[in-house]
Amino acid sequence: MSPALSVLDPSPIFEGQTGGQALQETRAMAQRCEALGYARYWVQEHHNTPCFASVAPEVLIADLAAHTHEISIGAGGVMLPNYSPLKVAEQFSTLSALHPGRIELGIGRATGADPRASAALLGPGAASFPTMLRLLMDWLLDASGQRALDADHRASGIHARPSAPAVSLWTLVSSPETAAFAGAMGLRAAFADFLAPGGAAPALAAYREAFSPSAFAAEPYCAVAYTVLAAPSAAAARVAAAPAAAWNIARAAGHFAPFPKAAAAKKVLERAGPAALKAAEERMLIGTAAQVAAELTARCAASGADEAFLLTIAASPEARAQSYRLIAEAAGLSPRGTAGAPIAAQAALG
């Protein structure tokens, strides 16, 4: 059985591009992916980096939900140690009130930032994560009317407003330990293969073994996020993936910069040599749409994942949109005829 397919978008910034342009591209991609039939469109949270424009997922989700109609919009994720759980509950209850049934919240226990930027965010830190997550869960259940706060609850008398339909709550995981925690909390889990390549099977096994039903999930449900890129030929896919491969090589050497354009990426790869290029490309699924779709199905079956998130960074917006389209067609997704922007309006993006 083929897994459900969704999109994870960090809003990559390329050389010569502004953050605003990257965010506009994210909006166009969300509209395009809705039309193609993808299940969800999630954005990320990164701080103090020139590589990504998605720093405030709750703001970006509001924009994307307003410019689409049916696709679920969410965060993959909100880094809870940076925030007050009450404030996060209020933000996502507001989003859910505006867009009932479409808002999803993936929670991470990292900060998405370097140590100095993490301190500047003024959050309580990852040591408090379990307590913060439980408070967030309780406030979301209270706001949705599913379960009121008990009279002896530490937050009794404090409510997340406005009242709103339930938010789909997930946790982001990258190890068996964090996956088991997600299962014990009774939440859906999203494993980041792009951070821990090849680690999905043991992590999701730990998740399912530890799973305990909750008001957020009656049964275990898990997804794996992969870096992917498809093109009409395997050779064309490697060319389109060159900026991401070059960026991965630079990152491994401690250099964080905007993604290079095609010509600059080619030079980086030539200087790096075949071994470095091979290592960078092995972190991605690259090929024709049939190859990528088949590999996604095989990997999800092997790991026990119900769904795959596609993280795609390509040499151009057109190549990126083409990859989403080709994979959707190869996987047999059902297009939405009433998606946010007419398909013709996005024709220039592939």
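- Residues Met185 and Thr171 are not in side-chain contact: their nearest non-hydrogen atoms beyond the backbone lie 4.5 Å or more apart.
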For a quick test of your reading: what N or O donor-acceptor pairs under 3.5 Å do the side chains of residues 199-207 make, sequence neighbours left out?
residue : atom : partner : partner atom : Å
Tyr207  : OH   : Leu187  : O            : 2.7
Tyr207  : OH   : Tyr221  : N            : 3.1
Tyr207  : OH   : Tyr221  : O            : 3.1

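- Taking CD1 of Ile61 as the start and OG of Ser72 as the end, the distance is 11.0 Å to the nearest 0.5 Å.
- Residue Tyr324 forms a side-chain contact (heavy atoms from CB on, under 4.5 Å) with just one option from Leu333, Val228, Thr312, and that option is Thr312.
- Note on Val7 and Phe309: separate hydrophobic clusters, where clusters join Ile, Leu, Val, Met, Phe, Trp and Tyr whose side-chain heavy atoms are under 4.5 Å apart, directly or indirectly.
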For Val224 and Tyr226, what are the C-alpha separation, side-chain angles and deciding distance, and is it a side-chain contact (heavy atoms from CB on, under 4.5 Å)?
-> CA-CA 6 Å; Val224 180; Tyr226 296 100; 3.3 Å; yes
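- Looking at heavy atoms from C-beta onward, Lys266 lies out of side-chain contact with Pro260 at the 4.5 angstrom threshold.
- Here the OG-OH distance, from Ser6 to Tyr38, works out to 9.5 Å after rounding to the nearest 0.5 Å.
- Around atom CZ of Arg154, no more than 12 heavy atoms belonging to other residues, nucleotides or ligands sit under 6.0 Å away.
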Contacts table for residues 287-295: side-chain donor-acceptor under 3.5 angstrom, sequence neighbours left out:
residue : atom : partner : partner atom : Å
Thr288  : OG1  : Gln291  : N            : 3.2
Thr288  : OG1  : Gln291  : OE1          : 3.3
Gln291  : OE1  : Thr288  : N            : 2.8
Glu295  : OE2  : Arg299  : NE           : 2.8

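- Across Thr18 and Gln21, no two heavy atoms sit closer than the pair N-OE1, 2.9 Å.
- Distance alone, capped at 3.5 Å, is enough to place a donor-acceptor pair between the His153 side chain and the Ala155 backbone.
- Arg161 and Glu90 are not joined by a salt bridge, as no carboxylate oxygen comes within less than 4.0 angstrom of a charged side-chain nitrogen.
- Residue His46 holds its NE2 atom at 8.0 Å from CE of Met79, rounded to the nearest 0.5 Å.
- At a threshold of 4.5 Å between side-chain heavy atoms, the hydrophobic network of Ile, Leu, Val, Met, Phe, Trp and Tyr places Phe191 and Phe216 in one connected group.
- A chain of hydrophobic side-chain contacts below 4.5 Å, direct or via other Ile, Leu, Val, Met, Phe, Trp or Tyr residues, connects Leu285 to Leu5.
- For the atom pair CZ (Arg147) and CG (Asp142), the distance works out to 9.5 Å, reported to the nearest 0.5 Å.
- Between Pro317 and Glu25 the shortest heavy-atom distance is CG-OE1, 3.4 Å.
- Under the 3.5 Å distance criterion, the side-chain polar atoms of Ser93 are matched with a main-chain donor or acceptor of Ala89.
- Closest approach of Ala113 to Leu121, counting heavy atoms only: CB-CD1, 4.4 Å.
- Criterion: ILVMFWY side-chain heavy atoms under 4.5 Å apart, direct or through other members. Under it, Leu80 and Met137 are part of a common hydrophobic cluster.
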Could you go through the side-chain contact (heavy atoms from CB on, under 4.5 Å) check for Ser323 and Ile327 one step at a time?
-> CA-CA 6 Å; Ser323 178; Ile327 293 172; 3.8 Å; yes
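- Taking all atoms of both residues into account, the shortest heavy-atom contact from His99 to Ala66 is CE1-N, 3.8 Å.
- Of all the heavy atoms in Leu172 and Trp42, the pair that sits closest is CD2-CZ3, 4.2 Å.
- Using the six-membered ring where Trp is involved, Phe259 and Trp247 have ring planes that are parallel, under 30° apart on the 30 and 60° scheme.
- The closest donor-acceptor contact from the side chain of Asn82 to the backbone of Thr111 lies under 3.5 Å.
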May I have the step-by-step check of side-chain contact (heavy atoms from CB on, under 4.5 Å) for Arg251 and Phe256, ending in yes or no?
-> CA-CA 6 Å; Arg251 183 188 63 173; Phe256 286 86; 3.5 Å; yes
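- No more than 12 heavy atoms of other residues, nucleotides or ligands shown are found within 6.0 angstrom of CD on Glu219.
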Determine, step by step, whether Thr227 and Asp193 satisfy the side-chain contact (heavy atoms from CB on, under 4.5 Å) criterion, reporting the C-alpha distance in whole Å, the side-chain angles of both residues, the deciding distance to 0.1 Å, and the verdict.
-> CA-CA 8 Å; Thr227 303; Asp193 179 85; over 6 Å; no
Stepwise, does the salt bridge (Lys or Arg N to Asp or Glu O under 4.0 Å) test hold for Asp9 with Arg27?
-> CA-CA 10 Å; Asp9 185 356; Arg27 180 193 290 166; over 6 Å; no
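- Partner of Tyr41 under the side-chain contact (heavy atoms from CB on, under 4.5 Å) criterion, out of Gln31, Glu104, Met29: Met29 alone.
- Side-chain atoms of Pro3 and Asp306, non-hydrogen and from C-beta on, never get closer than 4.5 Å to each other.
- Using a distance-only test at 3.5 Å, with no hydrogens or angles considered, a donor-acceptor pair links the side chain of Ser144 to the main chain of Leu140.
- Taking all atoms of both residues into account, the shortest heavy-atom contact from Ser214 to Gly186 is OG-O, 2.5 Å.
- Shown here is Gln146, whose CD atom has more than 12 heavy atoms of other residues, nucleotides or ligands within 6.0 Å.
- In this structure, CG on Leu86 lies 9.0 Å from CG on Leu135, to the nearest 0.5 angstrom.
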Report the C-alpha distance between Glu70 and Arg336 in whole Å, list the side-chain angles of each, state the deciding distance to 0.1 Å, and finish with yes or no for salt bridge (Lys or Arg N to Asp or Glu O under 4.0 Å).
-> CA-CA 9 Å; Glu70 299 175 29; Arg336 295 181 177 92; 3.6 Å; yes
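- A 4.5 Å side-chain heavy-atom check between Glu45 and Val78 finds at least one atom pair inside the cut-off.
- Note on Tyr83 and Leu136: same hydrophobic cluster, where clusters join Ile, Leu, Val, Met, Phe, Trp and Tyr whose side-chain heavy atoms are under 4.5 Å apart, directly or indirectly.
- A donor-acceptor contact shorter than 3.5 Å is absent between the side chain of Thr178 and the backbone of Val173.
- Remark: Arg208 CZ is packed, more than 12 non-hydrogen atoms of other residues, nucleotides or ligands lying under 6.0 Å away.
- Going from atom CZ of Arg40 over to atom CZ of Arg102 covers 13.0 Å, rounded to the nearest 0.5 Å.
- Between the side chain of Trp170 and the backbone N or O of Ala182, no donor-acceptor pair lies under 3.5 Å.
- Taking the six-membered ring for Trp and thresholds of 30 and 60 degrees, Phe181 and Phe129 have ring planes inclined between 30 and 60 degrees apart.
- Ser54 places no side-chain N or O within 3.5 Å of a backbone atom of Ser11 that could act as its donor or acceptor partner.
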